[in-house]
Amino acid sequence: MTHTEHDHDHNEHDHPHAEINQTEKPTYYDMLETAIRELLIERKLFEADEIRRQIEVLDSRTPALGAKVVARAWIDPNFRKRLLANGRTACEEDFGITFYDDTELIVLENTDKVHNLIVCTLCSCYPRPVLGLPPDWYKLKPYRARAVSEPRKVLAEFGTTIPDDVEVRVSDSTAMVRYLVLPKRPKGTETFTEEELADLVTRDAMIGVVEPKLENGSAAHV
Amino acid sequence: MTARPAPKSLQIVSAFGEAPIFKAGDEVRIADRMPVGHYRVPRYLRKKIGRVEAVVEPAFVDNEEEGYGRNAGSRRHYYRIAFPMIELWPDYTGSPKDGLRIEVFESWIERV
């Protein structure tokens with residue numbers, strides 16, 4: 001997709017941006033992926049459109065979905081109960097979130113006694129159906145190794161300090177179970193609507209590396 | 001989602017491996033095996049003693065076998081197992097309350 005010459009017309013806009021080029025050479029793994037993909041398509045094991053479709057599936061899953069689930073759990077005790085009993089069926093039934101990768105979902109509730117953190121030491125297992133793609137640091141070895149062996153230091157590097165009388169509970173995802181952290185609802189949000197609550201819930205809060213906070217600007221109700 | 005035991009009157013016998021072997025509360029040890037190839041149990045768990053927190057339903061194919069295209073008949077349970085951090089890391093410096101949870105396939109678990 002490299003444009004070496006820029007010779008097409010721009011009727012709608014006149015160049016506010018630099019030309020987008022792919023200048024780096026493909027890596028060994030880029031070439032390996034292309035070769036295997038082309039072979040599999042050639043052998044009719046799947047079609048190019050199926051790959052495009054799967055990318056579309058992944059792109060439709062973002063932390064905003066997970067944030068809606070969390071906000072609902074904060075305001076609806078019945079939903080919260082079902083979500084904690086079976087994360088997957090609650091997400092399927094109330095939000096239509098499909099678990100295309102055939103994983104189960106355990107929702108981990110943060111309380112005054114327990115702070116949950118999720119990791120996949122072996123690879124990059126992540127609740128993709130609910131949160132989309134994991135951040136890069138989640139897939140890299142330093143986080144994967146240290147989250148299970150020195151979680152409090154890792155948390156401190158994210159600016160999160162958990163008191164010693166609160167258990168830090170790490171859930172390591174290895175096979176068919178995925179985890180989603182249900183953070184504690186921040187104080188001072190009693191009058192917030194479900195949508196306003198969802199705005200407070202970030203990806204990192206659902207991984208458990210931070211706690212949701214009221215930003216200065218969002219405390220308008222108080 | 002927990003499998004319910006059949007009423008006694010029906011005399012239904014579950015197949016080998018169909019019902020979970022361990023139950024919540026059981027003390028278990030993770031096997032000390034170093035298989036070559038694809039496995040789903042991180043090394044730091046070898047020989048460690050933990051407690052079954054829950055049976056993960058439903059039963060699932062053994063991912064380690066599935067990795068080689070072998071999965072017929074290998075459906076068993078995963079267990080959510082709890083370990084204190086000090087059991088995993090003798091020189092752990094966080095709070096003694098800290099713990100870890102992980103799902104482990106039945107074939108890796110030994111009764112203590």
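FYI, side chains are in, hydrogens and waters are out, and symmetry mates aren't considered; it's all heavy atoms of this structure. Naming: A, B, ... by sequence-line order, numbering from 1 per chain.
For the pair A/Asp102/B/Phe60, a side-chain contact is recorded, criterion being any heavy-atom separation below 4.5 Å from C-beta on. Contact annotation: the side chain of A/Ser171 never approaches that of B/Ile102 to less than 4.5 Å [non-hydrogen atoms, C-beta and beyond]. Side chains of A/Val148 and B/Tyr44 form a contact here, defined as non-hydrogen atoms less than 4.5 Å apart.
For A/Ile106, the part lying near chain B is the side chain, with the backbone staying farther off; criterion is any non-hydrogen pair under 4.5 Å. Residue B/Arg43 does not touch chain A at all, counting heavy-atom pairs closer than 4.5 Å.
Taking a cutoff of 4.0 Å between a charged side-chain nitrogen and a carboxylate oxygen, B/Asp98 and A/Arg152 qualify as a salt bridge.
In B/Arg111, the CZ atom is crowded: over 12 heavy atoms of neighbouring residues, nucleotides or ligands sit closer than 6.0 Å. At most 12 non-hydrogen atoms from other residues, nucleotides or ligands lie less than 6.0 angstrom from CD of A/Glu24. Residue-environment remark: CD (A/Glu93) exceeds the threshold of 12 foreign heavy atoms within 6.0 Å. The local environment of NZ in A/Lys139 is crowded, with over 12 non-hydrogen atoms from other residues, nucleotides or ligands closer than 6.0 Å. Counting heavy atoms of neighbouring residues, nucleotides and ligands inside a 6.0 Å radius, atom CZ of A/Arg53 does not exceed 12 of them.
The residue among A/Ile162, A/Thr121, A/Val166 with the most heavy atom pairs within less than 4.5 Å of chain B is A/Thr121. Annotation: maximal heavy-atom pairing with chain A below 4.5 Å, among B/Thr93, B/Leu100, B/Val104, occurs at B/Leu100.
For the atom pair A/Leu122 CG and B/Tyr39 OH, the distance stands at 7.5 Å (nearest 0.5 Å). The CZ atom of B/Arg101 lies 15.0 Å from the OG atom of A/Ser173; values are rounded to the nearest 0.5 Å. To the nearest 0.5 Å, atoms NZ (B/Lys97) and CG (A/Asp165) are separated by 6.5 Å.
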Practice problem: Check the pair B/Arg80, A/Val177 against side-chain contact (heavy atoms from CB on, under 4.5 Å), reporting the backbone distance first and the verdict last. | Solution: CA-CA 9 Å; B/Arg80 181 165 166 82; A/Val177 180; 5.8 Å; no
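The shortest non-hydrogen separation linking A/Met176 to B/Pro58 is CE-O, 3.9 Å.
Contacts from residues 82-92 of chain B to chain A, taken as heavy-atom pairs separated by less than 4.5 Å, involve B/Met85, B/Trp89, B/Tyr92 in sequence order.
Judged purely by atom type and a 3.5 angstrom limit, B/Glu103 uses its side chain to pair as donor or acceptor with the backbone of A/Ala175.
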